[in-house]
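Report on one structure; see the data block that follows.
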Amino acid sequence: VVRIDALDGGLRLAAAAAYLGDTPTQILALRGAETLIDARLNANKWIVSHDPVQARKTDGKFAALRDIFTALEAVAKGADVKPLYNGAAAAMNRYADGFARIVALTNEASALFDGAMAEQAATIGGLAETIQQTSSAEQAGAEHESQEAISDSRTLGAILTVAGLVLGIA
């Protein structure tokens, strides 16, 4: 909504300037609308790619747009034009600031995912591997002890059977 307000405000400013015969303001307003569309295109490309180069390009477009609005402020003085300028400038600033905030938050989230969280995942993975190895070793030890107990039981059973036979014969 903010980007539409900024574009709409810029175009209204250009239309008002044209109506008033204020060609310099009209040209600046139209250049501002064109630069805003270009900034939007670059912002959308960044949203898709999260490419730092694209973010810098978009920041450059917003910087150019701010320069245009600074130049517009000097010529948009009339009672018919000034309110349109103020609205368009406020919307443009909100849009540019919003883009800067989303880039900063995305970079912060990426740093968390790629940094601290990746380290924690590696630590957890290492601990899981250690637990698995320890568990496998304990399982093998328990299996060996069970086999020994079964073997001892068979030996004891055989000894008792032989003893029973010997005692029964005697």
Side-chain angles (χ1 to χ4, degrees), residues 1-19 22-142:
V1 172
V2 171
R3 66 180 182 263
I4 293 170
D5 289 346
L7 181 59
D8 185 51
L11 293 175
R12 285 180 189 212
L13 179 60
Y19 177 75
D22 188 351
T23 305
T25 303
Q26 180 186 11
I27 291 171
L28 280 172
L30 289 173
R31 201 170 75 192
E34 179 185 5
T35 304
L36 177 62
I37 291 168
D38 201 17
R40 286 178 57 190
L41 174 65
N42 281 286
N44 288 336
K45 286 180 181 179
W46 177 84
I47 288 169
V48 171
S49 69
H50 292 250
D51 180 13
V53 173
Q54 193 62 50
R56 285 192 296 277
K57 281 182 183 179
T58 305
D59 286 338
K61 295 297 180 183
F62 281 123
L65 192 56
R66 282 191 168 113
D67 291 345
I68 290 168
F69 271 83
T70 299
L72 268 172
E73 185 175 27
V75 295
K77 300 248 184 223
D80 293 333
V81 178
K82 187 67 173 172
L84 293 171
Y85 165 81
N86 290 339
M92 182 274 305
N93 283 324
R94 284 192 310 270
Y95 187 34
D97 293 344
F99 177 76
R101 279 195 312 271
I102 195 68
V103 168
L105 290 172
T106 300
N107 290 340
E108 185 179 327
S110 293
L112 282 173
F113 290 136
D114 296 339
M117 290 178 81
E119 289 175 21
Q120 288 176 351
T123 301
I124 291 170
L127 292 173
E129 180 66 28
T130 301
I131 290 169
Q132 184 180 15
Q133 289 173 356
T134 302
S135 177
S136 295
E138 287 175 359
Q139 183 178 358

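- Judged as a side chain to side chain contact (heavy atoms under 4.5 Å, CB included), and not counting sequence neighbours, V48 has no contacts.
- Note that CG of N93 and CG of L65 are 8.5 Å apart. Values are rounded to the nearest 0.5 Å.
- T130 places a side-chain N or O within 3.5 Å of a backbone atom of G126 that can act as its donor or acceptor partner.
- The side-chain hydrogen bond (donor to acceptor under 3.5 Å, both in side chains) search around D97 returns R66, not counting sequence neighbours.
- With sequence neighbours left out, K57 forms a side-chain hydrogen bond (donor to acceptor under 3.5 Å, both in side chains) with no residue at all.
- Taking T70 as the reference, nothing meets the side chain to side chain contact (heavy atoms under 4.5 Å, CB included) condition, with sequence neighbours excluded.
- Rounded to the nearest 0.5 Å, atoms CG (N44) and CZ (F99) are 9.5 Å apart.
- A donor-acceptor contact shorter than 3.5 Å is absent between the side chain of Y95 and the backbone of A90.
- Residues passing the side-chain hydrogen bond (donor to acceptor under 3.5 Å, both in side chains) test with Q133, sequence neighbours excluded: E129.
- Atom CG of residue L72 and atom CG of residue L28 lie 4.5 Å apart, to the nearest 0.5 angstrom.
- R40 contributes atom CZ, which lies 10.5 Å from atom CD1 of I47 (distance to the nearest 0.5 angstrom).
- Take D67 and apply the salt bridge (charged side-chain N to carboxylate O under 4.0 Å, His left out) test, not counting sequence neighbours, and it matches no residue.
- Annotation: ring pair (Phe, Tyr, Trp, His ring centres under 6.0 Å) contacts involving residues 24-45, sequence neighbours excluded, are absent.
- Shown here are the side chain to side chain contact (heavy atoms under 4.5 Å, CB included) partners of D38, two or more places apart in sequence or in another chain: L41, N42, K61.
- In terms of heavy-atom proximity, T35 sits nearest to I68 at OG1-CD1, 3.4 Å.
- The side chain to side chain contact (heavy atoms under 4.5 Å, CB included) test applied to I27 returns T23, not counting sequence neighbours.
- Two residues are said to be in side-chain contact when any heavy atoms from C-beta on lie closer than 4.5 Å; W46 and I102 meet this criterion.
- Nearest heavy atom pair, residue A96 against residue F62, reads CB-CD2, 3.5 Å.
- Annotation: side-chain hydrogen bond (donor to acceptor under 3.5 Å, both in side chains) contacts of R56 (sequence neighbours excluded): none.
- A distance of 10.5 Å separates CD1 of I131 from CD of E138, quoted to the nearest 0.5 Å.
- In this structure, Y85 and E73 approach most closely via the heavy-atom pair OH-CB, 3.2 Å.
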